Structure formats: C-alpha cells, structure tokens
Amino acid sequence: MIEQQLQQAIAQALKTLYAFEAAPESIILQTTKKEFEGDFTLVVFPYVKAARKSPEMVANEIGAAVKEMVAEIASFNVIKGFLNFAIADSYWMAFMNSIVMEQNYGLKAANENAAPIVVEYSSPNTNKPLHLGHVRNNLLGWSVSQLLKASGNNVKMVNLVNDRGIHICKSMLAWMKFGNGETPETSGMKGDHLVGKYYVEFDKHFRAEVKELVAGGMEEEEAKKQAPLLLEAQAMLKKWEEGDKEIRDLWQKMNGWVYAGFDETYKKMGVGFDKIYYESNTYMLGKELVQKGLDMGVLYKREDGAVCADLTGDGLDHKVLLRKDGTSVYMTQDLGTALLRHNDFGADRLIYVVGNEQDYHFKVLKIILGRLGFDWADKVYHLSYGMVELPNGKMKSREGTVVDADDLMAEMVNTAAEMSKEHGKNDDLTPEQQNELYHMLAMGALKYFILKVDPTKNMLFNPEESIDFNGNTGPFIQYTHARIRSIVRKGEDQGCKVSAVNADGLTLNEKEREVIKKLHDLPSMVQTAAAAFSPAMVANYAFELAKLFNSFYQDTPILKEENVALKSFRINLCATVATALRNTMNILGIQVPERM
C-alpha cells in the first residue's frame, strides 16, 4: 500500500536531512482535507525542533526528498506545517486492477492455527424469551466475532445459557401453581414465550403478597423478603441444587421448551455459536474454585456462612460468592465457566459481550481469577455496551413490558414488505423471491440501525427510522448494492467483462478518485475496527462508500460511455464497490440482494 511507501520514504528523509531517527510505523499520515489538494497529509511540527527550521521549510524539504524516492507521487504542496502529497492516477488505476478479481478484498483469512479469541454473547436466561436488549447483544457479539475473523484472527463464538437460579425457579413455581398443565402444544405459544408468561405471573402474585404484608403492618423491604411465594422459590432452588428428582424433571421439561424457542429466534436473527455452555454444568466447578480460594486464604467466610472476597483494597467492596445457605451466585458460575473456556480452547483472549450494567461484575471476575493464581486473568475483557431504549422508556421483563425479539422481527418484515411495494422494488420477483427480499431488508434494517451506533453508547431504537431506502440505513446500502449489480450485469451483456483492463492513457475524474481512495481504505479500516471491537466503524464505512458511489453514478456515464477502455474500467469500479459493500455488510451479519 502507498501509505507504507510514504512512511518509509519520510523516515529516510528525516534521517538524511536532519539525522532524526523515526520508525516508519510511527509516522502518522492523515487523509488530506477536501478543501486542499492531495491525498495524504503529513503534519511536520513534531520534526521542526530537530530540523531547526521553519515548518514551511521543513515541509518543502521533506516533500522534495520523498517525491524523489516515491515515483507514485504526482506532486506535493505545503500549507504552513502541513505537507500534502497527491498520488498519481496511474497508482490508483493499478491498484484497481490488482483488486478487481479479489472477492474477499479487505478481509484477511483467519489463522486457524493461532490461539483463538473466545467471544461470549447472548447469555440468555431460560425464564423468558429474547427481547430487544438481547437483540443488540446477539448482533454485537456476532458482528464483533466476524470482524475479528475478517482481521485474521481465529475466533470461537460461545453462549452461556443461564439455565438455573432463583429467576428460573420463579417461572417453574408459577407454572406449578397457576399453569394447569399448559404446554406449548396446548397453548399454541413458542416455548420461551410460555415460560416467560409465568415469570410475569410470578411477579404479579408476588406483588400482591407484598402489598398484603405491608397492609398488615410489615415494612415493605422486609415484606419483599418474607413473601411466601419468594420463600417457596428459594426453597425450590435449594432442592434443585440438592438434586431433587421432581424439581429437576420439571426444570428439564420447561428448559426444553425454552431452548426450542431460542433456536427459532437465533435462526431468524442469523446468529449461531461454536459451543454452548450451561450454568447448570459450570456452577459446581465455580464452587470448587471458591473452596480453593478459601483454602488459599484469598477468600473468607462470614459468620453467617456466606463466602466473600474482600475487594476493598481494589477500591471495590465485599463480594458474596456463595450465599449463607450454600447456593451459588452468578459470579460462582462465571469463575467456573472462565476456567472451562480457557482449558477448552487455550484462548488468547476471553471477551464477554455484556451490557454496561455489569461493569462491576467483570471487574470482580478478573480480580478474583487473578487472586486464584490464574496468569491468564488479564486476558479477560468485558466488551461493555450501552442499553437499548424505546421512545417510551426502558423495558422490564418481570412486568411484561419488553419488546419481544420475535414480534420485533415480524413487525420489521411487514414494514419492509409495505415499503418495498410502495417503492416498486419487487415488481419483477416471484412471491418466494419477494418474501426472501422482505426478510433480507428487514434484518438489514434492524441490524444496521443497531450496529451503526458506537457499542459503548446507549441508543434509542425507532423501527420506523430503520427501514428507509434513503439516509444512513441498511436498506439504502442494500439497494445501492442491487443497483450496482444491475449495472455490472448490463455491462457484461455489452461485452465489458469484469477483469483487469489496460488503463494506459486514462485519467480519473474527481468522483472516480474519491471512490477508489475509499476502496483503498478498506483493509486498514477493518484492522482498526477490529482493534476497537467496533462494528460501528464498519457500518459507517459502508454508508460512506455507498454515498460516494451514488454521487459518482449520478455524475459519471457508465454504460453510455463511448470510450471502451474507460467504460470497462468503470464497470470494474462498480463491481469492486459491490464486493466491498458485500464484504463489509457480511461482517455486520447483513445480506445484500443481487436485484431489487
């Protein structure tokens, strides 16, 4: 790439002119601002002291020296302490010829022999269906995994299903008391929806009990602890941990309903996993690690029997790892799962895609793993992301005020169908092709709208804004890809096959150069986005490329160009943009249509 050539030449010029040693990779080149002439800009102020000359003189001297070394530089200009290099058209055309047939352009092949990066995402509870918050988690986890793969990493995607605990017992107890034997078959409900119904039912009866106790003179906080329904759920959890057959059988049956429902939702969403862990299989290992911590003296037992970690020296508090009745907490199973994963994969890093309300939890996990003597504790990384909110506020599962993932996706498909028909984008398709297109557009809209937001930020999800064939949306980019593929097919019908062309004598217009330079940025963008775990960078790149292409398309003749070599070159440019859009959107888990 030309950037590396420039960095090496600048480093040599600094050494020759000023005896200044600089590693080529330390030299920062910026994209030249649009109001100035050039492609790459070097800020020379860091070298002025060593040169003992004015910034303008230093810039001119470096520019002249570098132009002598790099034949691809057409010219340079200096504005105060800013040195702008303009790259010759011949370089950009040769670059286009080098990538036009590369279907994986911008992506590095994953090194399957390297120690993997393990990415955990989804992590649902088996007491409710997946909702909008889970949608962001799943889409972010999947796209980060694909982004890391695209940057050359070996990646393993895992899911930890929280299939045990007090919240699971709440759904089970409510079903036992109020379900009358209802099943997914008898109710016609997906299994995860049915179990979620009884989680809400538990809360409704629990609130009524608390209200009654408060009316009888008990303080509200105490009433919440003494409500009979909660005490029954706690007793059920203890029985589960003791292996009570009746409780275990009910647990397996209801979890089975949930897993079947989850599988349907994951398939619609287009995500999957290399391995699924279950809390019920990992919490016992976690208990063993807690005992190890007691034996080592890095954990302590309180007078009431609870096992804790004193984290005050780390600026935190005292963290309970086992309750006084011996039952485990989330941290217990996360300790066990972390060890399992490290042993299973020999992981280079353990990345947890979990909302920012769990920042404290993962600080504690990392500290305790370190105290237990695991030298890989510093490889634990919490990819903390912001919450998804709706125009009318936050969601609450126990109150039944969540946006269900299945309902959301169905609504998006219906909206995509309506808008496609309104814009006449499906007139030439069969009914089967139309349904496939509606789903593709719906999921493209949903995924892009969520992933274009920086993961660290909270976001407001508005379904109506996400499906639009104009603006910064998935369907806009999908439509641009379909338009490009139509142009390429017509070009091929006219004899312009996609392949390297002789560009001698051709010159680039401004719009062509902008598109090619954006294509040139793709490999480095992928590496930068992967290092930042940011699919948002990929989404922004795809949108900017689509915008630049549409501007080029509006101003530049393609199929009507009379110069055959120039026409072939422009068809090649179209085809390469389509490849770049497909590859970047695939990182986001979004399919792009061949025709609309």
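Because the structure is predicted, anything quoted here is derived from the model rather than measured.
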- Query: Between the side chains of Asn84 and Thr41, is a donor N or O closer than 3.5 angstrom to an acceptor N or O?
  - Reply: yes
- Message: Once side-chain contact (heavy atoms from CB on, under 4.5 Å) is applied, do any residues pair with Ala23, and if so which ones, sequence neighbours excluded?
- Response: Glu25, Ser26
- Task: Give a yes or no on this: more than 12 heavy atoms of other residues, nucleotides or ligands lie within 6.0 Å of atom NZ of Lys108.
- Result: no
- Message: Any non-hydrogen side-chain atom of Cys574 less than 4.5 Å from a side-chain atom of Ile558?
- Response: yes
- Closest approach of Thr584 and Met525, non-hydrogen atoms and distance? CG2-CE, 4.2 Å
- Do Thr480 and Phe476 come close enough that some side-chain heavy atom pair is under 4.5 Å? yes
- Output yes when a side-chain donor or acceptor of Ser534 lies under 3.5 Å from a complementary backbone atom of Ala530, and no otherwise. no
- Query: Are any of the side-chain heavy atoms of Glu102 and Leu107 separated by less than 4.5 Å?
  - Reply: no
- Taking atom types as modelled, is there a side-chain donor on Gln434 or Thr430 under 3.5 Å from an acceptor on the other? no
- Message: Using the ring-ring contact (aromatic ring centres under 6.0 Å, His included) criterion, which residues pair with Phe36? Sequence neighbours excluded.
- Response: none
- Query: If only atom types and distance count, is the side chain of Asn583 paired as donor or acceptor with the main-chain N or O of Gln103 below 3.5 Å?
  - Reply: yes
- Item | Tyr105 (side chain) donor-acceptor with Leu519 (main chain) under 3.5 angstrom | yes
- Query: Heavy atoms, side chains only, cut-off 4.5 Å: are Leu408 and His131 in contact?
  - Reply: no
- Item | Main-chain N/O of Leu140 paired to Ser143 side chain as donor or acceptor, under 3.5 Å | yes
- Is Gln4 atom CD crowded by more than 12 heavy atoms from other residues, nucleotides or ligands, each under 6.0 Å away? yes
- Task: Could you tell me how the ring of Phe95 sits relative to the ring of Tyr91: parallel (under 30°), tilted (30 to 60°) or perpendicular (over 60°)?
- Result: parallel
- Message: For Glu436, is the CD atom crowded, meaning more than 12 foreign heavy atoms sit under 6.0 Å from it?
- Response: no
- Query: Would you say Gln478's side chain and Met440's backbone share a donor-acceptor pair under 3.5 angstrom?
  - Reply: yes
- Applying side-chain contact (heavy atoms from CB on, under 4.5 Å), name anything that partners Glu264, two or more places apart in sequence or on another chain. Lys190
- Other residues, nucleotides, ligands: >12 heavy atoms within 6.0 Å of Glu357 CD: yes
- Query: Can we call the ring centroids of Tyr121 and Tyr352 under 6.0 Å apart?
  - Reply: no
- Item | Parallel, tilted or perpendicular, as decided by the 30° and 60° cut-offs, for the rings of Phe449 and Phe461 | perpendicular
- Arg485 and Glu594: CA distance, side-chain angles, deciding distance, salt bridge (charged side-chain N to carboxylate O under 4.0 Å, His left out) verdict: CA-CA 6 Å; Arg485 292 302 302 153; Glu594 283 291 305; 3.0 Å; yes
- Evaluation steps, salt bridge (charged side-chain N to carboxylate O under 4.0 Å, His left out), between Lys567 and Glu562: CA-CA 7 Å; Lys567 178 179 178 179; Glu562 295 181 357; over 6 Å; no
- Message: Are Phe552 and Phe549 an aromatic pair, judged by ring center distance below 6.0 Å?
- Response: yes
- Message: Within the structure provided, determine whether Tyr47 and Ile27 are in side-chain contact (heavy-atom separation under 4.5 Å).
- Response: yes
- Would you say the side-chain atoms of Tyr385 and Asp454 include a donor-acceptor pair closer than 3.5 Å? no
- Task: Check for a donor-acceptor pair, side chain of Lys275 on one end and backbone N or O of Asn159 on the other, with a separation under 3.5 Å.
- Result: no
- Of all the heavy-atom pairs spanning Asn97 and Val501, show the shortest one and how long it is. ND2-O, 2.8 Å
- Query: Got Ile87 and Phe40 here, is their nearest side-chain heavy-atom distance under 4.5 Å?
  - Reply: yes
- Message: I'd like to know if the side chain of Tyr541 reaches the main chain of Lys518, judged simply by a donor and an acceptor atom lying under 3.5 Å from each other, with no hydrogens or angles considered.
- Response: yes
- Message: I need the minimum non-hydrogen distance between Ala110 and Asn153, along with the two atoms involved.
- Response: CB-O, 3.2 Å
- Least distance between heavy atoms, Leu17 atom then Ala65 atom: CD1-CB, 4.3 Å
- Task: Kindly write out the residues that satisfy ring-ring contact (aromatic ring centres under 6.0 Å, His included) with Phe76, not counting sequence neighbours, or none if the list is empty.
- Result: none
- Query: Which pairs with one or both residues in residues 55-73 pass salt bridge (Lys or Arg N to Asp or Glu O under 4.0 Å), sequence neighbours excluded?
  - Reply: Lys53-Glu61
- Message: Using a 6.0 Å cut-off, check whether atom CE of Met1 has over 12 heavy atoms from anything other than its own residue.
- Response: yes
- Do the non-hydrogen side-chain atoms of Ile477 and Leu581 ever get within less than 4.5 Å of each other? yes
- Message: With a 3.5 Å distance limit and no angle check, can you tell me whether Asn138 reaches the backbone of His134 through a side-chain donor-acceptor pair?
- Response: yes
- Item | Side-chain heavy-atom pair Asn586, Gln146 within 4.5 angstrom cut-off | no
- Message: Salt bridge check, Arg513 against Asp39: does any charged N sit closer than 4.0 Å to a carboxylate O?
- Response: no
- Item | Candidate pair Asp274 and Lys156, rule salt bridge (charged side-chain N to carboxylate O under 4.0 Å, His left out), full reasoning | CA-CA 6 Å; Asp274 295 305; Lys156 298 298 180 183; 5.4 Å; no
- Message: Please enumerate all residues that pass side-chain contact (heavy atoms from CB on, under 4.5 Å) together with Val453, with sequence neighbours excluded.
- Response: Arg136, Lys457, Met459
- Would you check if the distance from the ring center of Phe533 to the ring center of Tyr381 is below 6.0 Å? yes
